[in-house]
Protein chains: 2
Amino acid sequence: MPRKVIETAEYESLAAEAYSIVRLRILRGDLEIGQIISRRKLATELGMSFLPVSEALMKLEFEGLLESRPRAGTRVRIPTIQDVQGHYIVREALEVQAARLFAAAATANEKQELTRLAVRVDSLASQPDADRYHYLSLHEKLHRRIAECARCGALSEAIEKTHALASTWMCVGRHSEGQGPRRTHQDLMEKLCAGDTEAAAEGMRRHIVSSKDRAVERLQPFFQMGAARGTTYARSARNQFAPPVLLAS
Amino acid sequence: MPRKVIETAEYESLAAEAYSIVRLRILRGDLEIGQIISRRKLATELGMSFLPVSEALMKLEFEGLLESRPRAGTRVRIPTIQDVQGHYIVREALEVQAARLFAAAATANEKQELTRLAVRVDSLASQPDADRYHYLSLHEKLHRRIAECARCGALSEAIEKTHALASTWMCVGRHSEGQGPRRTHQDLMEKLCAGDTEAAAEGMRRHIVSSKDRAVERLQPFFQMGAARGTTYARSARNQFAPPVLLAS
DNA sequence: AGTCGCAAACTGGTATATCAGAGCACGGTC
DNA sequence: GACCGTGCTCTGATATACCAGTTTGCGACT
């Protein structure tokens with residue numbers, strides 16, 4: 001019964017380990033949108049039983065990254081265009097709230113730290129050959145730190161839960177080339193640090209809305225795939241799309 | 001192997017059935033804050049196996065109604081004061097967004113329907129002897145319908161997930177007597193239907209903030225209970241408080 | 001050649017059994 | 001009398017086995 005897939009971290013339960021691994025694979029792009037996941041095969045591969053894997057996938061489904069039908073199968077969620085737009089509306093509500101609190105509560109040190117982080121995020125977004133997961137981690141960290149500096153645990157928790165979903169959608173599609181270096185996150189941080197609460201909120205709002213527009217545009221081919229969902233389950237999932245490419249948000 | 005606890009509804013899985021039952025019991029007040037739940041006993045009682053129950057409790061924990069420690073036990077969550085305040089900050093963000101969309105998208109029929117509903121909610125809140133769960137259902141329905149009329153599935157889903165939590169906290173404590181009839185929700189609906197987007201948003205913001213203040217006040221005795229959480233797990237949960245009483249929000 | 005139907009293979013869901021760790025009561029010690 | 005250790009009991013976590021429903025490929029039929 002082999003039990004070595006990753007040994008960098010010690011998890012408190014097998015289910016937690018499986019959860020991290022699958023989540024990583026989705027964000028990394030190893031598992032593409034629509035790809036089917038077999039709980040049994042995954043369990044064998046990870047050297048654990050069916051139950052922990054099942055529990056992990058259930059949690060990921062609850063977070064919106066996966067979708068499953070009772071006895072048919074589990075696959076990486078294929079969003080509809082309403083899903084994506086709605087998701088960004090939720091994110092807008094949460095992160096604007098965070099921006100407001102951030103502007104009021106963040107210390108000078110924190111503002112400096114996050115501004116530096118924003119520079120790294122933007123520069124990574126401009127590199128077409130950057131590792132997708134590396135970029136995502138950094139981007140997620142920036143948004144998470146903003147929420148944390150807002151001094152509200154429940155809010156940052158809620159944002160973290162919605163963010164993984166955004167990440168998977170954000171990275172799909174082709175990298176729009178020749179756009180030159182981006183300054184999206186640096187601009188955002190400027191607004192957040194200016195000291196004006198409402199300006200910070202408005203800055204975040206625009207940031208999210210423009211992310212939404214890009215995500216919608218990029219996911220276009222998948223929406224038709226999602227439309228075929230009503231018919232068969234696995235047949236539509238077999239459609240193969242071009243592998244996802246890193247893109248800025 | 002007896003299988004009859006409630007037979008009013010047919011569930012697609014045993015886990016879904018267990019989820020509904022436990023959720024109902026928490027909202028109803030049969031399970032109080034801090035009370036310990038044994039998966040095995042519950043499984044026996046419901047006439048099903050350990051696994052579906054486990055799955056149901058896991059989902060409830062994810063929603064924030066329960067808390068568990070790996071091999072120690074599961075209990076109804078004892079919030080800290082930061083938990084409650086943070087939770088209402090999240091709700092504020094989401095529901096203000098919903099109010100904004102509602103003001104723009106709701107039809108005249110829907111506005112009329114929800115205004116009537118608001119009257120019922122307020123009148124039930126004024127009755128000290130009203131059934132707690134009945135009131136909660138109606139209150140939840142009002143807020144859910146507002147979100148639904150905002151025409152954004154992801155948003156109403158997010159609100160629904162956060163709302164059950166609020167419900168459990170909202171009902172704890174003693175009914176503040178002699179306050180006379182409330183008009184909280186009727187006032188809210190007036191703002192939402194006035195036609196001005198920003199006025200609607202502001203009206204919802206105030207509604208949530210005042211709910212928060214009342215919840216914090218009412219949960220005061222439990223916060224000390226939560227503070228003892230660091231020491232022993234079960235001992236602090238054994239503390240018995242006065243049974244919860246219906247109260248308006 | 002296209003379509004329909006059937007059966008094998010696979011899916012997730014559930015039951016039972018077992019394991020390791022946490023809580024807690026009891027009894028001994030200081 | 002207060003404190004600490006020890007062991008019993010109960011908790012959730014996991015493995016294995018089995019079941020019912022879904023998918024799908026292959027073959028027969030039109």
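Just so we're on the same page: letters track the sequence lines, and every chain starts at 1. Worth knowing before you read on, the calculation uses all heavy atoms, side chains too, and leaves out hydrogens, waters and symmetry mates.
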Exercise for review: Select from B:Phe50 and A:Arg40 the residue whose nearest nucleotide in DNA chain C is closer to the 5' end of that strand.
Suggested key: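 Looking at the nearest nucleotide for each, A:Arg40 comes out on the 5' side.
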
Think [X] has a side-chain N or O under 4.0 angstrom from the OP1 or OP2 of [N]?
| X | N | answer |
| --- | --- | --- |
| A:Thr74 | C:dG12 | yes |
| A:Ser49 | D:dT14 | no |
| A:Arg39 | C:dG13 | yes |

Looking at the side chain of [X], which of [options] is the nearest nucleotide?
| X | options | result |
| --- | --- | --- |
| B:Arg71 | D:dC18, C:dA22, C:dT18 | C:dA22 |
| A:Pro52 | D:dT14, C:dG13, C:dA22 | D:dT14 |
| B:Leu14 | D:dA13, C:dT14, C:dG23 | C:dT14 |
| A:Ser13 | D:dT23, D:dT14, C:dA15 | D:dT14 |

Point to revise | Validation row: A:Trp169, A:Asp83 side chains within 4.5 angstrom (heavy atoms) | key: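 They are in contact (side-chain heavy atoms under 4.5 Å apart), so the answer is yes.
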
Point to revise | Residue closer to the 5' end of DNA chain D, A:Leu51 versus B:Pro70 (nearest nucleotide) | key: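 Here B:Pro70 is the residue nearer the 5' end.
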
Review point. Any cation-pi pair here, B:Lys161 with B:Phe62, using under 6.0 Å and within 45°?
Key: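 No cation-pi geometry.
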
Review point. In terms of side-chain geometry, is the basic nitrogen of A:Glu140 or A:Arg23 positioned less than 4.0 Å from the acidic oxygen of its partner?
Key: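 Between A:Arg23 and A:Glu140 there is a salt bridge, with a charged N closer than 4.0 Å to a carboxylate O.
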
Review point. How long is the line joining CD of B:Glu12 and C1' of C:dG13, in whole Å?
Key: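 That distance rounds to 11 Å.
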
Side chains of residues 50-57 of chain A: which donor-acceptor partners sit under 3.5 Å, not counting sequence neighbours?
from: A:Ser54; atom 1: OG; to: A:Arg39; atom 2: NH1; distance (Å): 2.7

